[in-house]
Amino acid sequence: MSEYILNVINQVKEKNAGEAQFIQAVDEVLGSIAPVVLKHEEEYKRLGLLERIVEPERVISFRVPWVDDNGQTRVNRGFRVQFNGSIGPYKGGLRFHPTVNQSIMKFLAFEQIFKNALTGFPIGGGKGGSDFDPKGKSDNEIMRFCQSFMTELQKHIGQDVDVPAGDIGVGAREIGYLFGQYRRIKNDFEAGVLTGKGLVYGGSLARKEATGYGLVYFMQEMLCANGLSMQNKTVTISGSGNVAIYACEKAQACGAKVVAMSDSNGCVYDLNGINLDIVKEIKEVKRGRIREYVNYVPEAVYMENNAPTPAVYTIKADVVLPCATENDINLETAKILVANGLIALGEGANMPTNKEAIEYFLEHGVLFAPAKAANAGGVAVSALEMSQNSMRYSWTFEEVDKKLERIMANIFAAAKNAAEEYGLGTNYLAGANIAAFRKIADAMIAQGVI
Ligand code: NDP
Ligand code: 2IT
């Protein structure tokens, strides 16, 4: 390990005390790029490269007041972290969830820098959101919240400045309200200012499916490179939101059997294979809970979460796709998964696996597909949406899907090649971090000390 890296990690811990998720994300990235840093240590030190890469270019925090259906004024906190714009306009999703705070925003924006670099598109790293809880809110409350949020956010974004999209709690409905308010304030149809838009006003076909499909394309590449495939594998998926649903759809299309999906309360286990139409009906149409699945399929079992291990991870599976939230899998959970015969794990969520669990997986020969590579399909198709908006043209579903498949194969190749170049075997986490870091470092060095 390089002393320079250790010093920077210590500085980050001191300067960002209390920001546990941000420190964790920095530690994971910097902890795995030592082979590159050691080669250029004097230059990087002189240029303060690592000190700059861990400091956001800008953190914006703002008040979001709105009035609920009872006439009561509520106040939430909004954020946009514009972390690194060296390879393009800041790009990254918006998360609406009660746990949102500055640490989570900074970890997500930091991860996004490297993920976006891996896509091959000219997009920098950013993230935003609010501690607003969309659960149980009426459609009108969601609209008023989105309008208030955008009234402030619009000062800081633009199609060549910063381009938000969805994340947890932000889907097509929210993007629609956000886009409407932006257009109204700016009096300008600036289609490329947000991605994940509805298809009738500038959205891209296959954006909704992109993260989940991309995750399975990446898994196919990784399994294939190791003489395996998704065919006939038993799969469990955490979450039942956007990423989880389309990961399930593509896994099933590849001949895998998905036996469980979850939400934050618990999971459903269906030995005959999850009926995805029912999950879509519950989650996309009714905005209900996954436990309702057993009302449609009485043979299925609902398992309530019993801390510390979420129920979905107690089920035997060859392939596990965590698609819910961060730090879902700790060492204890990792041990259960390995004891149950886990072959491969693909991170659809951002940072769902903590450091000890990752180390345990790597030590036990589990093929590990790291988030910033494996879930990059969503932001990659967002970049394709920006391209289509610039051209005032749209590609067919098949065209976008084909491009996505190629992009995911390229990302896997970049992670694999970097891992091999540095003698890291199948450590695709280190490979992805190294491949992305080299690109960001080159761009930052070329642009001088800014
Ligand atoms: P959605 O809001 O559509 O779905 C989120 C899912 O995760 C729900 O099933 C939700 O359950 C569950 N979940 C959320 N928070 C928690 C929690 N604290 N504990 C347990 N379960 C939880 O979000 P997405 O599918 O878009 O996002 C899922 C993950 O994928 C996130 O980590 C996100 O950052 C990442 N991601 C998303 C991309 C995208 O394009 N949307 C792109 C790349 C990564 P419940 O309803 O009970 O809250
Ligand atoms: O984490 C992510 O990559 C996203 N939520 C998608 C970001 C985007 O700009 O499409």
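One-based numbering, in listed order, for ligands and for the atoms of each.
Geometrically, ligand 1 and D263 share no nitrogen or oxygen pair separated by less than 3.5 Å. At a 3.5 angstrom cut-off on N or O pairs, R289 counts as close to ligand 1. Any N or O atom pair closer than 3.5 Å counts here, and R95 shares at least one such pair with ligand 1. The distance criterion of under 3.5 Å between nitrogen or oxygen atoms is met by T211 with respect to ligand 1. Residue G239 has no nitrogen or oxygen atom sitting less than 3.5 Å from a nitrogen or oxygen atom of ligand 1, judged on distance alone. For ligand 1, the polar-atom distance check against S240 finds a nitrogen or oxygen pair separated by under 3.5 Å. The shortest N/O to N/O separation between G166 and ligand 2 falls below 3.5 Å. Geometrically, ligand 2 and D167 share a nitrogen or oxygen pair separated by less than 3.5 Å. The shortest N/O to N/O separation between G166 and ligand 1 does not fall below 3.5 Å.
Summary of contacts: the protein heavy atom closest to atom 7 (C) of ligand 2 is G93 N, 3.5 Å. For atom 9 (O) of ligand 2, the closest non-hydrogen atom of the protein is K91 NZ, 2.6 Å. Among protein heavy atoms, the minimum distance from atom 4 (C) of ligand 2 is reached at K127 NZ, 3.7 Å. Closest protein heavy atom to atom 24 (P) of ligand 1: V243 CG2, 3.9 Å. For atom 6 (C) of ligand 2, the closest non-hydrogen atom on the protein side is R207 NH2, 3.6 Å. From the protein, the heavy atom lying nearest to atom 23 (O) of ligand 1 is I168 CA, 3.4 Å. Among protein heavy atoms, atom 2 (C) of ligand 2 sits closest to K115 NZ, 3.3 Å.
Nearest-residue assignment for atom 4 (O) of ligand 1 (options P310, A244, G241; heavy-atom criterion): G241. Residue nearest to atom 21 (N) of ligand 1, selected from G288, P352, S264, G171: S264 (by heavy-atom distance). Counting heavy atoms only, N350 comes closest to atom 36 (N) of ligand 1 of the residues V379, N350, V381.
For the pair H97 and ligand 1, a heavy-atom separation below 4.0 Å is found. Not a single heavy atom of E326 lies less than 4.0 angstrom from ligand 1.
Between F149 and F96, the gap from one ring centroid to the other is short of 6.0 Å. The aromatic ring centroids of F218 and F412 lie less than 6.0 Å from each other. With ring centers used as reference points, Y90 lies 6.0 Å or more from F83. A centroid separation of less than 6.0 Å is found between the aromatic rings of F189 and F179.
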(request) Could you please spell out the steps behind the side-chain hydrogen bond (donor to acceptor under 3.5 Å, both in side chains) verdict for Q154 and Q181? (result) CA-CA 9 Å; Q154 54 89 19; Q181 184 73 350; over 6 Å; no
(request) Under the salt bridge (Lys or Arg N to Asp or Glu O under 4.0 Å) rule, what do D68 and R74 come out as? Steps first, then yes or no, please. (result) CA-CA 7 Å; D68 72 17; R74 308 262 203 118; 3.0 Å; yes
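Checked for salt-bridge contact, E356 and K335 miss the test: no charged N lies under 4.0 Å from a carboxylate O. Ion pairing of R95 with D167 is present here, as a side-chain N (NZ or NE/NH1/NH2) and a carboxylate O approach within less than 4.0 Å. Between R144 and D69, at least one side-chain N (NZ, or NE/NH1/NH2) sits under 4.0 Å from a carboxylate O, which counts as a salt bridge. Taking the charged nitrogens against the carboxylate oxygens, E385 and R207 have no contact shorter than 4.0 Å, which rules out a salt bridge. Between D162 and K91 no salt bridge is recorded (no basic side-chain N to carboxylate O distance below 4.0 Å). Looking at E249 and K208, no side-chain N of the basic residue comes within less than 4.0 Å of a carboxylate O on the acidic one, giving no salt bridge.
Rounding to the nearest 0.5 Å gives a distance of 4.0 Å between CZ of F121 and CD1 of I407.
At a heavy-atom distance under 4.0 Å, no atom of M386 approaches ligand 2. Looking at E111 against ligand 2, nothing comes within 4.0 Å, counting heavy atoms. Contact annotation for N350 and ligand 2: only side-chain heavy atoms (C-beta onward) come within less than 4.0 Å of the ligand. Only side-chain heavy atoms of R207 come within less than 4.0 Å of ligand 1; its backbone N, CA, C and O stay farther off.
With ligand atoms numbered from 1 in the order given, ligand 2 contributes 8 (C), 9 (O), 10 (O) to contacts under 4.0 Å with heavy atoms of A165. Proximity to C323 (heavy-atom distance under 4.0 Å) selects the following atoms of ligand 1: 28 (C), 29 (C). Proximity to D167 (heavy-atom distance under 4.0 Å) selects the following atoms of ligand 1: 26 (O), 33 (C), 34 (O), 36 (N), 37 (C). Those atoms of ligand 1 with a heavy atom of G348 less than 4.0 angstrom away are 30 (O), 35 (C), 36 (N), 44 (C). Near S382, the atoms of ligand 2 lying under 4.0 angstrom from a non-hydrogen atom of the residue are 8 (C), 9 (O), 10 (O).
Looking only at side-chain heavy atoms (C-beta outward), M219 and L321 come within less than 4.5 Å of each other. Between I358 and L429, the closest side-chain pair of non-hydrogen atoms falls below 4.5 Å.
Using a 30° and 60° split on the angle between ring planes, Y213 and F397 fall in the perpendicular class, above 60°.
Geometrically, K137 engages F132 in a cation-pi contact, judged by NZ or CZ lying under 6.0 Å from the ring centre and within 45° of the ring axis.
Protein heavy atoms are found less than 4.0 angstrom from atom 28 (C) of ligand 1.
Just one of T236, D328, N305 meets the side chain to side chain donor-acceptor pair (under 3.5 Å) condition when paired with Y313; it is D328.
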